[in-house]
Amino acid sequence: MDSLKGRDYLTIADFSQEEVWSLLELARDLKAKQKAGLPHQLLKGKTLAMIFQKASTRTRVSFETAMFHLGGLAMFLSKNDLQMGRGEPIEDTARVLSRYVDGILIRTYSHQEVLDLARYADVPVINGLTDDFHPTQALADLLTIWEHKDTLAGLKLAYVGDGNNVAHSLLLAGALVGMHVAVACPQGYEPNPAVVEKAKALAESPEQIQLLREPEEAVRGAQVLYTDVWASMGQEAEAAQRRKVFARYQINRELLAMAEPEAIVMHCLPAHRGEEITEEVIEGPQSVVFDEAENRMHAHKAILAALLG
Ligand code: CP
Ligand code: NVA
């Protein structure tokens with residue numbers, strides 16, 4: 001775990017399989033401690049600056065609560081609160097914040113901005129979502145699958161929908177831990193080919209990573225079904241067009257019936273019921289979306305404790 005101290009968390013592929021497992025084990029341990037009412041104040045006196053250029057419910061509240069439980073302090077900084085909103089360069093923001101705080105979380109549009117922040121910051125930088133990646137979500141997702149299925153390696157995860165930030169991080173995360181990841185997307189909405197190549201390189205064999213057109217083919221034999229919104233933050237203007245393109249990429253009762261009988265259904269949330277997932281499925285017995293949302297906080301505690309501890 002000492003190998004993680006002082007590191008950034010920009011994509012999950014920055015970490016080895018062993019490091020990801022050490023984070024998962026720490027998350028499970030910290031979750032058990034919290035449930036048992038045992039103290040786990042591993043970050044007494046430490047502070048985290050949280051820069052949000054996009055909306056958030058889960059990421060913001062779970063990181064803020066995680067820091068509090070760990071004995072530290074988190075500061076929520078929206079774009080409008082910072083001089084960044086008035087044009088102060090990210091390079092200066094990074095160097096100034098590094099003089100005050102022990103870590104910086106950022107949610108923004110451009111992944112390059114996060115890379116720039118990390119380059120100029122002297123403290124660990126955590127990617128709380130960019131247009132390209134959502135790595136803190138992916139760790140919580142692995143924790144959730146592990147809890148429900150008792151294992152990760154060898155499982156098949158089918159992702160149905162947009163080849164977006166969440167899909168990218170799941171491809172990398174799944175590949176790292178030996179899962180089979182099948183992604184079904186409409187033409188023109190596939191994941192970035194460089195990310196797919198990276199996932200294939202991380203996987204034990206490239207066949208573990210599959211890019212498909214048909215949702216039915218993706219979910220066959222899957223123990224985990226996953227979807228995300230059709231229009232991500234920043235794509236609101238494309239929403240109507242995307243509703244047409246993605247109409248057939250919905251997790252509904254019929255699609256779920258084609259997966260393994262005990263398959264779990266996941267969604268990073270927020271969800272649009274009636275679009276990428278039906279009300280019946282998200283509220284149904286196979287849905288684990290609220291366990292998944294809860295696990296954001298436990299996974300974040302592990303990331304914070306490992307990087308800032
Ligand atoms: N899943 C997720 O990142 O949710 P928020 O946008 O609410 O943080
Ligand atoms: N793909 C979504 C995920 C939200 C948590 C977005 O970027 O808006």
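What you are looking at is a predicted structure, and each value in this text was computed from that prediction instead of being measured.
Atoms CG and CE, on Leu157 and Met266 in that order, are 7.5 Å from each other to the nearest 0.5 Å.
Looking at Leu73 and Val101, their side chains never come closer than 4.5 Å, going by heavy atoms from C-beta outward. Side-chain contact between Ile145 and Met179: present, with at least one pair of heavy atoms (C-beta onward) separated by less than 4.5 Å.
Salt-bridge formation is detected for the pair Arg213/Glu190: a Lys NZ or Arg NE/NH1/NH2 atom is positioned less than 4.0 Å from an Asp or Glu carboxylate oxygen.
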Stepwise, does the ring pair (Phe, Tyr, Trp, His ring centres under 6.0 Å) test hold for Phe246 with Tyr189? CA-CA 9 Å; Phe246 283 95; Tyr189 296 87; 5.0 Å; yes

Could you please spell out the steps behind the side-chain contact (heavy atoms from CB on, under 4.5 Å) verdict for Asp228 and Asp162? CA-CA 7 Å; Asp228 184 17; Asp162 190 19; over 6 Å; no

Criterion side chain to side chain donor-acceptor pair (under 3.5 Å) on Glu276 and Thr227, from CA distance to verdict: CA-CA 7 Å; Glu276 75 276 2; Thr227 190; 5.9 Å; no

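The one candidate from Leu172, Leu23, Leu171 that meets the side chain to side chain contact (heavy atoms under 4.5 Å, CB included) condition with Ile12 is Leu172.
The aromatic rings of His111 and Phe133 sit perpendicular to each other, their planes meeting at more than 60°, with 30° as the lower class boundary. Ring-plane geometry between Tyr9 and Phe15 is classed as tilted, the angle between the planes lying from 30 to 60 degrees on a 0 to 90 degree scale.
More than 12 heavy atoms of other residues, nucleotides or ligands shown are found within 6.0 angstrom of CZ on Arg95.
A cation-pi geometry, defined here as NZ or CZ lying under 6.0 Å from the six-membered ring centre and within 45° of its normal, does not hold between Lys79 and Phe52.
Not one N or O on the side chain of Ser287 forms a donor-acceptor pair closer than 3.5 Å with the backbone of Glu283.
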